There are 2 protein chains.
Amino acid sequence: MRRDAELNRERLVTAAREVFAERGLDVALDAVAKRAGVSIGTLYNRFPTRGELVRAAFADNVDTVARLGEHALGLADPWDGFVYFVEQVSQLQAADRGYNELAGSSSAEDLSRGYDLMSRIVARAREAGGLRADFTLEDMAFVTWSITRTIEATAGTSTTVWRRHLALILDGLRASAAHPLPEPALSREQLADIYRDC
Amino acid sequence: MRRDAELNRERLVTAAREVFAERGLDVALDAVAKRAGVSIGTLYNRFPTRGELVRAAFADNVDTVARLGEHALGLADPWDGFVYFVEQVSQLQAADRGYNELAGSSSAEDLSRGYDLMSRIVARAREAGGLRADFTLEDMAFVTWSITRTIEATAGTSTTVWRRHLALILDGLRASAAHPLPEPALSREQLADIYRDC
DNA sequence: AGCAAAGTTGACGGCCTCCTCAACTTATGT
DNA sequence: ACATAAGTTGAGGAGGCCGTCAACTTTGCT
């Protein structure tokens, strides 16, 4: 890759991160090209689909989440680790509209790394008796969808109320709060279907 | 209003209900006109904005919710009434994509009638000690957003898993599950702001 | 029956975004 | 210095939806 091409690529990724953060994942790509100081043709040349640009823009966040997960697993109390992880990821979402949208529709499980990590965090918290026994990995999608949506709705008015909502949710996930659930959890395949569609 | 005009109006409202239910509130209005067997010009003549058509299409649901609320208040146990109301409204949302989207962005409080009703259901459940003491009317928005989003995500795969999610949420709303919340509730004004924007 | 008011029609201009491609510019190795 | 591959450019065609309006049709009153 030529030096100028590499530079333009970086400019595009940076611009994409900024524009996605401010205006969401659905912005017109012209806005990204303009902010990068590059023509729309170059953008399409480098990133033929929007998805590729999105992936490039949020590659860092994937690493960050992995680090958060490792740290969560390092905490002495498994329930605290679970809470820590969910809170930190939510914080990331609250700070970046684009990432919030992404988290709500790809949930980090297309990444085997993130999937595995979350799986361990959930299992550990459940087995230690902090997290309710009937909570499955797939149920994490509910948590993500909930938080994603309230962050989206409240971002313009308060950057912190989502913490209240999260606290309400967490209170329902403690083993001590558990009442029998009326429906079986989603299977791994069902969840995969859901994410495939979007 | 002329007889034919009245008939066309009804056709449009019926068509809108059907199309919104299947494809959401953002469909191209041509689709509604086509299903109604009427020209796009007539649609615009009768309903100058999309909002007016939406309101007309979901007027029935507003009545239904009011009835559900009354019934909830008639139940002997206030907590059961609360649960009943939330479940029934969610059921309505699960059956109609358009109404689900509407509920997620207008939350029935633009309607003073629905607002008042919900207010009483919440207050009653809280005062009876079933619903946690720190739960406010404004917190209902969290519940609505959560359920709306998971219904939206899962509708194509399962028409019932949302009940599992709702059960998890409800477990967090019981007085017995309450742990101190980290943030104050949204004020009535803040919530109004949020709904104004959308 | 005849007529004015009410209602309907759908082609069309406007707007936006997507994505392509032929012409042009730049980097790099020799 | 120059040739050539690599990269860039941006105007423009395609597609979708919106909302309008002048010409036409229907209703209902007298």
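These numbers were taken from a predicted model, which means no experiment stands behind them. Quick note: numbers below take in every heavy atom, side chains included, and nothing from hydrogens, waters or symmetry partners.
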**Asked** Between A/L43 (CG) and C/dT17 (C1'), how many Å, whole number?
**Response** 13 Å

**Prompt:** Whole-Å distance between D/dC17 C1' and B/L53 CG?
**Reply:** 15 Å

**Asked** How far does CG of B/N8 sit from OG of B/S39, to the nearest 0.5 angstrom?
**Response** 9.0 Å

**Request:** Find the distance A/L25:CG to C/dT17:P and express it as a whole number of Å.
**Result:** 16 Å

**Request:** Using only heavy-atom distances, decide whether a donor-acceptor pair under 3.5 angstrom links the side-chain of A/R2 to the base of C/dT26.
**Result:** yes

**Request:** Could you check how far CG of A/N8 sits from P of C/dA27, rounded to whole Å?
**Result:** 10 Å

**Asked** What nucleic acid atoms does A/R46 come within less than 4.0 Å of, heavy atoms only: base, sugar-phosphate, or nothing?
**Response** sugar-phosphate

**Asked** Tell me, do A/R164 and B/D139 make a side-chain contact under 4.5 Å, heavy atoms counted?
**Response** yes

**Message:** What is the distance, to the nearest angstrom, from the CZ atom on B/F47 to the C1' atom on D/dC18?
**Reply:** 18 Å

**Message:** Check the orientation of B/F142 and A/H165. Use parallel for under 30°, tilted for 30 to 60°, and perpendicular for over 60°.
**Reply:** parallel

**Message:** Please check this pair: side chain of B/R126 against backbone of B/L131, looking for a donor-acceptor N/O pair closer than 3.5 Å.
**Reply:** no

**Distance below 4.0 Å between A/R3 side-chain N/O and C/dT28 OP1 or OP2** = yes

**Request:** Examine D/dT9: is either OP1 or OP2 under 4.0 Å from a nitrogen or oxygen in the side chain of A/T42? Give yes or no.
**Result:** yes

**Asked** How close or far is atom C1' of D/dC17 from atom CZ of B/R23, stated in whole angstroms?
**Response** 13 Å

**Request:** For A/N45, answer base if it contacts any base atom (sugar-phosphate contacts may also be present), sugar-phosphate if it contacts only those atoms, and nothing otherwise; contact means non-hydrogen atoms under 4.0 Å.
**Result:** base

**Spacing of B/L12 atom CG relative to C/dG7 atom P, expressed in whole Å** = 14 Å

Please tabulate the protein-to-nucleotide N/O contacts below 3.5 Å involving nucleotides 19-22 of chain C, giving atom names and distances.
unit_1, atom_1, unit_2, atom_2, d
C/dC19, OP2, A/Y44, OH, 3.2

**Item:** Given D/dC17, D/dT9, D/dT27, the nucleotide with the shortest approach to the side chain of B/D4
**Value:** D/dT27

**Item:** Distance in angstrom units between A/L7 CG and D/dA6 P, rounded
**Value:** 19 Å

**Asked** If we ignore angles and hydrogens, is there a donor and acceptor under 3.5 Å between the side chains of B/S90 and B/E87?
**Response** no

**Message:** Under a plain distance cut-off of 3.5 Å, with no hydrogens placed, do A/T157 and B/Q190 share a side-chain donor-acceptor pair?
**Reply:** no

**Message:** Measuring only between side-chain heavy atoms, which start at C-beta, is A/L29 closer than 4.5 Å to A/L53?
**Reply:** yes

